[in-house]
Student: 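Starting off with a structure, shown below.
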Amino acid sequence: MKLFTREWGEGDRHAVLVHGVMSDSRNWRRVGPVLAERGYHVVAVDLRGHGHSPRASEYTAELMAEDIVDTVPDAPELVMGHSLGGLTVSLAVDRLRPERVVYVDPAFSCPAANWFQRALAPAFLRTLARQSAARIAKRNPRWDPADVAIEVETFEAFDRAAIPAVLAPSVMRAPTTMAVPSLVMLADNSYLVKPEAAERLRGSGFDVRVVAGSGHVINRDDHDGFMRALDGWI
């Protein structure tokens, strides 16, 4: 599947940005221009079932990874994925062949730890997808109002049929080896990468950095802290 993309900058130094679940390429609206100023041609995708990309009859993280490979330039200098986007990037990295990867609070574990939580999780996501701007702003008091408005739009555009696939714990696992130099940037008290998992990643050679005080969507909670955490990687 060819995905919808937003682009900033030009030239041969490519950076690929992949958003998380129920979001779209506008998640990177502040990050993309900064990377472009640093000389990158930035390509941000809308995953299948998200934003302006096509809906599908089937949704899996593996298919989403294939879509990215089929859409973006080969061998980019930098690939960055947030949450579900981080998971899909980890599944595509051997085919993307980037020089560097940044995983932003990636979906490397399933927070729904038992069968009862897993049964409730789809209903939770469906409820989340119906939230008003006021509720989103209350849950994310540090967000710019423009990001709140974008969140409302992306929730409405998201194909609810993808919910079971994005919650599948069978694929939510951290890489066991580092294929290319990789940074794992974590929210404070991340619920997707717990401290023991972070230590395993460090032991495998990953650079793991925590943005103090940030929530799951780090770049929206603390754009400046997000950019500082990328020091040496962009």
Student: Should F4 and V45 be counted in the same cluster of Ile, Leu, Val, Met, Phe, Trp and Tyr side chains packed under 4.5 Å apart?
Tutor: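 F4 does not cluster with V45.
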Student: Hey, are the side chains of V93 and L96 touching, using non-hydrogen atoms and a 4.5 Å cut-off?
Tutor: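 Not touching, per the 4.5 Å side-chain cut-off.
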Student: Search all heavy atoms of W8 against all heavy atoms of W28 and return the closest pair with its distance.
Tutor: CH2-O, 3.9 Å
Student: So do the side chains of R30 and N219 get within less than 4.5 Å of each other, counting heavy atoms only?
Tutor: no
Student: Check the pair R220 / D144 against side-chain contact (heavy atoms from CB on, under 4.5 Å), numbers first and verdict last.
Tutor: CA-CA 7 Å; R220 285 175 166 172; D144 187 285; over 6 Å; no
Student: Give me the atom names and distance for the closest heavy-atom approach of G81 to V89.
Tutor: CA-CG2, 4.1 Å
Student: Got a sec, which pairs hit salt bridge (Lys or Arg N to Asp or Glu O under 4.0 Å) with one end in residues 203-219, sequence neighbours left out?
Tutor: D207-R209
Student: Could you give the distance from CD1 (I218) to OG (S83), rounded to the nearest 0.5 Å?
Tutor: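 That separation rounds to 10.0 Å.
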Student: Is there a side-chain contact between M64 and L84 in this structure, where contact means two heavy atoms from C-beta onward sitting under 4.5 Å apart?
Tutor: yes
Student: Does any pair with a residue in residues 174-188 pass side chain to side chain donor-acceptor pair (under 3.5 Å), and if so which ones, sequence neighbours excluded?
Tutor: none
Student: Do V18 and L35 sit in the same hydrophobic cluster, where Ile, Leu, Val, Met, Phe, Trp and Tyr count as joined when their side-chain heavy atoms come under 4.5 Å apart?
Tutor: no
Student: Closest approach of A92 and V69, non-hydrogen atoms and distance?
Tutor: CB-CG2, 3.8 Å
Student: Side chains of S204 and L201: does their closest heavy-atom pair fall under 4.5 Å?
Tutor: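 Sidechains of L201 and S204: no contact.
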Student: Can a donor-acceptor pair be found, under 3.5 Å and without considering hydrogens, that links the side chain of T154 to the backbone of I150?
Tutor: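 The answer is yes, because a donor-acceptor pair under 3.5 Å joins these two groups.
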Student: Taking only residues two or more places apart in sequence, or in another chain, which ones meet R26 in a side-chain hydrogen bond (donor to acceptor under 3.5 Å, both in side chains)?
Tutor: D24, E153
Student: Under 3.5 Å, side chain of H19 to main-chain N/O of L47, donor-acceptor pair present?
Tutor: yes
Student: Under 4.5 Å between side-chain heavy atoms, hopping through other hydrophobics if needed: is there a path connecting V104 to I234?
Tutor: yes
Student: Would you say F158 and I163 make side-chain contact, with heavy atoms under 4.5 Å?
Tutor: yes
Student: Side chains of D224 and D222, heavy atoms from C-beta outward: is any pair under 4.5 Å?
Tutor: yes
Student: Can you check side-chain contact (heavy atoms from CB on, under 4.5 Å) on L186 and Y103, steps first, answer last?
Tutor: CA-CA 8 Å; L186 299 180; Y103 298 104; over 6 Å; no
Student: Between W143 and D221, is there a side-chain donor-acceptor contact under 3.5 Å, judged purely by atom types and distance?
Tutor: yes
Student: Spell out, as yes or no, whether a donor-acceptor pair under 3.5 Å connects the side chain of S109 to the backbone of L192.
Tutor: yes
Student: Which value, rounded to the nearest 0.5 Å, describes the distance between T5 atom OG1 and H52 atom NE2?
Tutor: 11.5 Å
Student: Do S23 side-chain atoms and G20 backbone N/O form a donor-acceptor pair below 3.5 Å?
Tutor: no
Student: What closest approach, in Å, do G85 and T88 show between heavy atoms, and which atom pair accounts for it?
Tutor: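 For G85 versus T88, the nearest heavy atoms are O-OG1, 2.9 Å.
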Student: M185 and M80: same hydrophobic cluster, using ILVMFWY side-chain contacts below 4.5 Å?
Tutor: yes
Student: Considering all heavy atoms of both residues, which atom of A61 and which atom of L87 are nearest to each other, and what is their separation?
Tutor: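 Heavy atoms of A61 and L87 come nearest at CB-CD2, 4.1 Å.
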Student: Do D147 and R29 meet the salt-bridge criterion of a basic N to acidic O distance under 4.0 Å?
Tutor: yes
Student: In chain order, what residues pass the side-chain hydrogen bond (donor to acceptor under 3.5 Å, both in side chains) check against D67, with sequence neighbours excluded?
Tutor: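 R48.
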Student: I'd like to know if M227 and W233 are part of one continuous hydrophobic network [Ile/Leu/Val/Met/Phe/Trp/Tyr, side-chain heavy atoms within less than 4.5 Å].
Tutor: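 Linked, W233 and M227 end up in one cluster.
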Student: Is a side-chain donor or acceptor of R135 paired with a backbone partner of A133 at a separation under 3.5 angstrom?
Tutor: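 Pair absent, no side-chain N/O of R135 close to backbone of A133.
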Student: Tell me whether H50 contacts the main-chain N or O of M22 through its side chain, where contact means a donor paired with an acceptor under 3.5 Å.
Tutor: yes
Student: Looking only at heavy atoms, what is the nearest atom pair of D105 and A187, with distance?
Tutor: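 D105 and A187 have their closest heavy atoms at OD1-N, 3.3 Å.
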Student: Is there side-chain contact between V42 and E7, with heavy atoms separated by less than 4.5 Å?
Tutor: no
Student: Suppose the criterion is ring pair (Phe, Tyr, Trp, His ring centres under 6.0 Å): which pairs have a residue in residues 54-86, not counting sequence neighbours?
Tutor: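 Qualifying pairs, neighbours excluded: H82-H216.
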Student: Which pairs pass salt bridge (Lys or Arg N to Asp or Glu O under 4.0 Å) with one or both residues in residues 75-91, sequence neighbours excluded?
Tutor: R13-E77, E77-R100
Student: Treating N140 as the side-chain partner and R142 as the backbone partner, does any N or O pair qualify as donor plus acceptor under 3.5 Å?
Tutor: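 The answer is no, because no donor-acceptor pair under 3.5 Å joins these two groups.
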Student: Can you tell if the side chain of L78 reaches within under 4.5 Å of the side chain of V16, non-hydrogen atoms only?
Tutor: no
Student: Heavy-atom count around E62 CD within 6.0 Å, excluding the residue itself: above 12?
Tutor: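 Yes, enclosed.
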Student: Decide side-chain contact (heavy atoms from CB on, under 4.5 Å) for S90 and F108; before the verdict, give the C-alpha distance in whole Å, the side-chain angles of both, and the deciding distance to 0.1 Å.
Tutor: CA-CA 9 Å; S90 75; F108 284 168; 4.1 Å; yes
Student: I need the M1 CE to I68 CD1 distance, nearest 0.5 Å.
Tutor: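 Between atom CE of M1 and atom CD1 of I68 there are 12.0 Å.
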Student: How long is the straight-line distance from CZ of R200 back to CZ of F206, given to the nearest 0.5 Å?
Tutor: 12.0 Å
Student: Take Q131 and R139 through the side-chain contact (heavy atoms from CB on, under 4.5 Å) test and state the conclusion after the steps.
Tutor: CA-CA 10 Å; Q131 286 197 343; R139 285 194 301 107; 2.8 Å; yes
Student: For D12, does its backbone N or O pair with a side-chain atom of Y40 as donor and acceptor, under 3.5 Å?
Tutor: no
Student: First locate atom CG of L230, then atom CZ of R38, and finally report the distance between them rounded to the nearest 0.5 Å.
Tutor: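 So the CG of L230 and the CZ of R38 are separated by 8.0 Å.
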Student: side-chain hydrogen bond (donor to acceptor under 3.5 Å, both in side chains) for S25 and D46? Distances and angles first, verdict last.
Tutor: CA-CA 5 Å; S25 51; D46 287 0; 2.7 Å; yes
